[in-house]
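Report on one structure; see the data block that follows.
Order of appearance sets the numbers: ligands from 1, and atoms from 1 within every ligand. None of the values given here were measured: they were computed from a predicted structure.
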Amino acid sequence: MFFLYENSCLLNWSKNKDFISCNFKNGVVKTKNIIFATNGFLKSLGIKSNYNFPITLTASMTRKLSDEEFKSIGEPKEWGVLPVRPMGATIRMTKDRRILIRNTAEVHSPFSMSKSILQKRSINQQIGIQKRFPQLPNNIIKSSWSGIVSRTRNSSQIFEKIDSNIYAVGCYNGSGIGVGTLFGEQIAFKAINEKTNEIKTIEARNKPTWLPPQPFLNLGIKTRLIYERLRARSEI
Ligand SMILES: Cc1cc2nc3c(=O)[nH]c(=O)nc-3n(C[C@H](O)[C@H](O)[C@H](O)COP(=O)(O)OP(=O)(O)OC[C@H]3O[C@@H](n4cnc5c(N)ncnc54)[C@H](O)[C@@H]3O)c2cc1C
């Protein structure tokens, strides 16, 4: 029998002999096997703590461009561009004529972002759109949001049996839509001891490398982000 509990934050967990106890606000789940797939929150659950860290990204999407605005930018089909440098911008033109932009990556609490901080990022993204498309009005952002990605030092992913009945998967270094789907499927096969060619390929890859403890880690990440921001300063 399977149960799905949504909106249930795992507060902490512990292993007692062959069982894992998962503590939630309103109850405890005891299980024989567990797969941790919380990506940027793996570290906060004590999973592979010295091998991954969360980074906060913020993105904004505009309203649909009007016919006139759309004409002014050349009536393109949908497109997407990725940055050459890690701190550059990811920009997309959607099929329904919206511009989507992400041009921030920062060390920030993964648990929340205040409205005022989000607003500052949103203004920065409006300025970015304006730089590239000065013909568009300066108030076309409809929605801004922040989210968490997980990073490792060597851009490798976590895919591991970390104890006899505990598995962990995640850390897609900001591009997990495709990779994460594959890794999620394959860790489930691994947990039921099914062998696949994909598992072989995944496990032949480099494993994430060790990260120094705090405060050295954040100091290192912040310094690197400043350096990367400088290298990407010509981006929007
Ligand atoms: C702004 C932004 C733009 C991005 N753009 C791209 C892109 O263009 N292409 C791309 O491939 N990827 C992109 N990514 C990255 C992509 O979103 C992630 O790689 C992908 O979502 C990872 O999927 P996941 O299921 O492993 O983790 P997530 O989608 O992060 O899901 C983790 C889940 O774990 C839950 N969780 C965390 N802690 C707990 C807890 N204690 N108890 C219970 N549940 C918990 C969270 O609520 C969340 O639902 C972007 C990310 C952001 C933030």
Can you tell me how the ring of Y172 sits relative to the ring of F183, calling it parallel under 30°, perpendicular over 60° and tilted otherwise?
perpendicular
Would you kindly say whether N103 and Q125 are connected by a side-chain donor-acceptor distance under 3.5 Å?
yes
Dump all N/O pairs between ligand 1 and the protein below 3.5 Å as a table: atom names plus distance, one pair per row.
| unit_1 | atom_1 | unit_2 | atom_2 | d |
| --- | --- | --- | --- | --- |
| ligand 1 | 8 (O) | R92 | NH1 | 3.4 |
| ligand 1 | 8 (O) | R92 | NH2 | 2.8 |
| ligand 1 | 11 (O) | G176 | N | 3.2 |
| ligand 1 | 11 (O) | I177 | N | 3.0 |
| ligand 1 | 12 (N) | G174 | O | 3.2 |
| ligand 1 | 12 (N) | G176 | N | 3.4 |
| ligand 1 | 14 (N) | G174 | O | 3.4 |
| ligand 1 | 19 (O) | G176 | N | 2.9 |
| ligand 1 | 41 (N) | L10 | O | 3.0 |
| ligand 1 | 42 (N) | L10 | N | 2.8 |

Using a strict threshold of under 4.0 Å (side-chain N to carboxylate O), is an ion pair present between E68 and K71?
no
Close side-chain approach of K32 to F19, heavy-atom, < 4.5 Å:
yes
Indicate yes or no: at least one non-hydrogen side-chain atom of I20 is less than 4.5 angstrom from one of D163.
no
Taking N139's backbone N and O only, do any of them form a donor-acceptor pair with R63's side chain (distance below 3.5 Å, no angle check)?
no
